[in-house]
Amino acid sequence: MSIYKKFATVYDQMDADLHSKIMVPYCKKIFKKFSIKAKTGLDLCCGTGSAIVELEKLGINMSGLDQSATMLAVAAKKTKKLKVPLYQKSLPTFRLLDKKESTKTVQFDLVTSFYDSLNYMLTEKDLEKSFEAVHKHLNKDGWFIFDMNTPLALKTIWDEQIYAGTNSSVAWVWKNEYDQKEKKATCHATFFKKKGKLWERFDETHHEQAYNNTTIQKILKSSGFVIKGFYDCYTFDKATRSSYRICAVVQKK
Ligand SMILES: C[S@@+](CC[C@H](N)C(=O)[O-])C[C@H]1O[C@@H](n2cnc3c(N)ncnc32)[C@H](O)[C@@H]1O
């Protein structure tokens, strides 16, 4: 996979980690609503680790998983004092062992995944395998909280839209398109990173797949989860077809 390589070096400078920082206070409300008292957690597709830092502040011993070595390198630097285990693994199937040469799967009280990360699963089968892998890594009655972009979000925010921005160290242009029939979005991202007096250009192409709310719920149930909340993200209103982002709160049976 050739995404989130050099992007990792500018991700936080572009404030791309802001969403996950916003998700943690929202999770705090979710913990209160469902009396969730997690001691251990795994942030799936943790990126640069900003959510891990915030979740650690709530007293949860966090671990992180991501496919990108460069995203994890940023996360490692950020979480150095916290001694957070970081795993370079790829969804949909992953297995974390509790120590070297062990055959025991590590299990957590909580798994989180923020900012469209699960939209990177491009088929229902891969989404299902990811949910099943999460299920295996949860303790009994453990919780899984994640957000995803909806078909409406990809159609409205991505289709034929160009986004551009700049600050003192990075400039970017993202050209997006959406295949409504396939519910698949593509983002052609171009970055310019300041290097002394010059700017280094690099490009990445990202694909996100949207799923109907009912499809996500069906796959969650078949993967062994009980759906406790399926919200219009950041609120406790039920997600609808007009939602741009859903937040699922599910528990291992
Ligand atoms: C939009 S970023 C979100 C990062 C972080 N959760 C945040 O909120 O800032 C998506 C992340 O998913 C990771 N990712 C994408 N596909 C993946 C896969 N198949 N396995 C593991 N990680 C993946 C990327 O490397 C990237 O760090």
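Counting convention: from 1, in listed order, for ligands and their atoms alike. Only a predicted model underlies this, so the values are computations on that prediction, with no experimental measurement involved.
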Common cluster, L82/L55, ILVMFWY with side-chain heavy-atom separation under 4.5 Å: yes
Structural part of Y4 in contact with ligand 1, heavy atom criterion under 4.0 angstrom: side chain
Aromatic contact, H206 with Y4 (centres under 6.0 Å): yes
Numbered atoms of ligand 1 (with element) below 4.0 Å of M71, judged on heavy atoms: 27 (O)
Residue list, salt bridge (Lys or Arg N to Asp or Glu O under 4.0 Å) with E54, at least two apart or on another chain: K57
Ligand 1 N/O within reach of C45 N/O, cut-off under 3.5 Å: yes
Nitrogen or oxygen atoms of I3 and ligand 1 under 3.5 Å apart: no
Note: K193-E200 ion pair, threshold 4.0 Å (strictly below): no
Salt bridge present between E128 and K125 (N-O < 4.0 angstrom): yes
Partners passing salt bridge (Lys or Arg N to Asp or Glu O under 4.0 Å) against D116 (at least two apart in sequence or in another chain): R245
Proximity flag A51 to ligand 1, non-hydrogen atoms under 4.0 Å: no
Sub-4.0 Å heavy-atom contact, M23 with ligand 1: no
Proximal atoms of ligand 1 relative to M121 (non-hydrogen, under 4.0 Å): 19 (N)
Identity of the nearest option to atom 20 (N) of ligand 1, non-hydrogen atoms only, from T70, L91, D43: L91
Closest candidate by heavy atom, reference atom 27 (O) of ligand 1, pool T112, D17, I52, D66: D66
Those atoms of ligand 1 less than 4.0 Å from some heavy atom in S68: 25 (O)
Non-hydrogen side-chain atoms of V106 and F108 separated by less than 4.5 Å: yes
Distance filter under 4.0 Å to Y11 heavy atoms, resulting ligand 1 atoms: 1 (C), 2 (S), 3 (C), 4 (C), 7 (C), 9 (O)
Subset of ligand 1 atoms that lie under 4.0 Å from at least one heavy atom of C46: 5 (C)
N149 vs Y244 side-chain heavy atoms within contact, under 4.5 Å: no
